[in-house]
Amino acid sequence: MTLSGISSMATRLLLAELTPLCLAQGGPAAHIESVGGVDAAKRVMAGEAFDVVILASDAIAKLAAAGRVLQDSVTDLVHSGVAVAVPAGAARPDLGSEAAVRAAVLAAPTLGYSTGPSGVALAKLFERWGIAQDVAARLVTPPPGVPVGSLVASGQIALGFQQLSELLHVPGIDLLGPLPAEIQITTTFTGAVVAGSPREAQARALLAFLASPAAADAKRRQGMDPA
């Protein structure tokens, strides 16, 4: 029986690589649907039938508090940082310091970030810098599940911020690198067994594999660090 799961877009490519590897090593088969993290959390909260869910740790914590996932199954999987991209061939602003990133944001005709946890953190950063109102007029917010990188590639966003894992393989963009350490935004993605799953043991086995050393190389290839 194939496990059913749901995740945010940030871990889509990683899970596409790891689920067949898990099966090849004797673990359970799994089909993981990747959508916008906000929508994924809502669907699990509403009681849609899944065996496993993989989301940002704060979203998993809310699901656990509501009894929608099994608290003792909650497993941190990866740490994921934010990177910056511009359309392919565009000028590459300096991003070497907090001040440089602030200047690049102020100079960009349009900018965008995701609706997920990294976007929330960026909005708070812009507030701390005192530029939130100025940025709001130039902000392009992708619909949930639509990658920031795709709007950077099409030219709708001149300066895009998103998880490195979601920008790595997007054609039509130039990846400038991660945010500098002093303002880096790191999201931990966490898995859990959905309460009421009839395949709890298999779901736990999948999470154990995803957290194991056997998954570490794939995580690094996808721009993430093992948790």
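Excluded from the calculations below are hydrogen atoms, water molecules and symmetry mates; all remaining heavy atoms, backbone and side chain alike, are included.
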Notebook entry, point to check: If two hydrophobic side chains count as joined below 4.5 Å and joins carry through other members, does Leu179 share a cluster with Ile131?
Noted result: yes

Notebook entry, point to check: Looking only at heavy atoms, which two atoms of Leu23 and Ala29 are closest? And how far apart?
Noted result: CD1-N, 3.8 Å

Check: If you draw a 6.0 Å radius around NE2 in His169, do more than 12 non-hydrogen atoms from other residues or ligands fall strictly inside?
Finding: yes

Next item on the list: Grab the two heavy atoms, one from Gly47 and one from Arg68, that are nearest each other, plus how far apart they are.
Entry: CA-NH2, 3.3 Å

Note to self: Please check: side-chain N/O of Gln162 versus main-chain N/O of Val148, any donor-acceptor pairing under 3.5 Å?
What the structure shows: yes

Item checked: Within-4.5 Å side-chain heavy-atom neighbours: Val35 and Ile6 -> yes

Next item on the list: State, to 0.1 Å, how close Leu175 and Ala83 come at their nearest heavy-atom pair, and which atoms those are.
Entry: CD1-CB, 3.9 Å

Next item on the list: Measure the spacing between OG1 of Thr188 and CG of Leu77 and express it to the nearest 0.5 Å.
Entry: 10.0 Å

Margin query: Taking Leu176's backbone N and O only, do any of them form a donor-acceptor pair with Arg92's side chain (distance below 3.5 Å, no angle check)?
Written below: no

Check: How far does CG of Leu139 sit from CG of Leu111, to the nearest 0.5 angstrom?
Finding: 5.5 Å

Next item on the list: Compare all side-chain heavy atoms of Leu210 with those of Thr75 and state whether any distance is below 4.5 angstrom.
Entry: no

Notebook entry, point to check: Any idea which heavy atoms bring Ser34 and Ser7 closest together, and the distance?
Noted result: OG-OG, 2.8 Å

Item checked: Side-chain (Ser154) to main-chain (Leu151) donor-acceptor, under 3.5 angstrom -> yes

Next item on the list: For Arg138 and Ala108, indicate whether the former's side chain and the latter's backbone hold a donor-acceptor pair under 3.5 Å.
Entry: yes

Notebook entry, point to check: Should the pair Asp72-Arg204 be classified as a salt bridge under the 4.0 Å nitrogen-to-oxygen rule?
Noted result: yes

Notebook entry, point to check: Is there side-chain contact between Val44 and Glu48, with at least one heavy-atom pair below 4.5 Å?
Noted result: no

Note to self: Would you say that Ser165 contacts Met224 through its side chain, given a criterion of any heavy-atom pair below 4.5 Å between the two side chains?
What the structure shows: yes

Next item on the list: Considering only NZ, NE, NH1 and NH2 on the basic side and carboxylate oxygens on the acidic side, decide whether Glu17 and Lys219 come within less than 4.0 Å.
Entry: no

Check: Between atom OG1 of Thr2 and atom CG of Asp51, what is the distance when rounded to the nearest 0.5 Å?
Finding: 10.0 Å

Margin query: Looking at every non-hydrogen atom in both residues, tell me the closest pair between Leu159 and Pro93 and how far apart they are.
Written below: CD1-CG, 4.1 Å

Check: When you measure from the side chain of Thr11 to the backbone N and O of Leu14, does any donor-acceptor pair fall under 3.5 Å?
Finding: no

Notebook entry, point to check: For the residue pair Pro226 and Ala216, what are the closest heavy atoms and their distance?
Noted result: CG-CB, 3.8 Å

Check: For the side chain of Thr110 and the backbone of Ala158, is there at least one donor-acceptor N/O pair under 3.5 Å apart?
Finding: yes

Note to self: One pair to check against side-chain contact (heavy atoms from CB on, under 4.5 Å): Ile54 and Thr190. What are the steps and the verdict?
What the structure shows: CA-CA 5 Å; Ile54 297 161; Thr190 300; over 6 Å; no

Margin query: Can you confirm whether Pro178 sits close enough to Leu164 that some side-chain heavy atom of one is under 4.5 Å from a side-chain heavy atom of the other?
Written below: no

Note to self: Distance check, rounded to the nearest 0.5 Å: Ser80 atom OG versus Asp225 atom CG?
What the structure shows: 8.5 Å

Notebook entry, point to check: Taking atom CG of Leu13 and atom CZ of Arg221, what is their separation to the nearest 0.5 Å?
Noted result: 12.0 Å

Next item on the list: May I ask you to test the Gln163-Leu167 pair for a side-chain heavy-atom distance under 4.5 Å?
Entry: no

Notebook entry, point to check: Hey, are the side chains of Val84 and Tyr113 touching, using non-hydrogen atoms and a 4.5 Å cut-off?
Noted result: no

Notebook entry, point to check: At what distance, to the nearest 0.5 angstrom, does CZ of Phe189 lie from CG of Leu55?
Noted result: 8.5 Å

Next item on the list: Would you check, one step at a time, whether the test side-chain contact (heavy atoms from CB on, under 4.5 Å) holds for Val52 with Gln202?
Entry: CA-CA 10 Å; Val52 66; Gln202 296 96 317; over 6 Å; no

Notebook entry, point to check: Any chance the side chains of Ser118 and Thr187 put a donor and an acceptor closer than 3.5 Å?
Noted result: no

Next item on the list: Please confirm whether the backbone N or O of Glu98 pairs with a side-chain atom of Glu182, one donor and one acceptor, at under 3.5 Å?
Entry: yes

Checklist line | Short side-chain to backbone donor-acceptor contact, Ser73 and Ala192, under 3.5 Å | finding: no

Note to self: Do Val78 and Met9 land in one hydrophobic cluster if side-chain heavy atoms of ILVMFWY residues count as linked below 4.5 Å?
What the structure shows: no

Checklist line | Main-chain N/O of Gly5 paired to Glu33 side chain as donor or acceptor, under 3.5 Å | finding: no

Item checked: Leu106 with Val86, same ILVMFWY side-chain cluster at under 4.5 Å -> yes

Note to self: According to a hydrophobic-cluster definition based on side-chain heavy atoms being under 4.5 Å apart (Ile, Leu, Val, Met, Phe, Trp, Tyr only), do Leu206 and Leu21 belong together?
What the structure shows: yes

Margin query: Walk me through whether Phe161 and Val152 qualify under side-chain contact (heavy atoms from CB on, under 4.5 Å).
Written below: CA-CA 10 Å; Phe161 299 82; Val152 174; over 6 Å; no

Next item on the list: Examine distances only and state if a side-chain atom of Asp174 and a backbone atom of Gly89 form a donor-acceptor pair shorter than 3.5 Å.
Entry: yes

Item checked: Within-4.5 Å side-chain heavy-atom neighbours: Phe50 and Val69 -> no

Notebook entry, point to check: Under 4.5 Å between side-chain heavy atoms, hopping through other hydrophobics if needed: is there a path connecting Leu3 to Val53?
Noted result: no

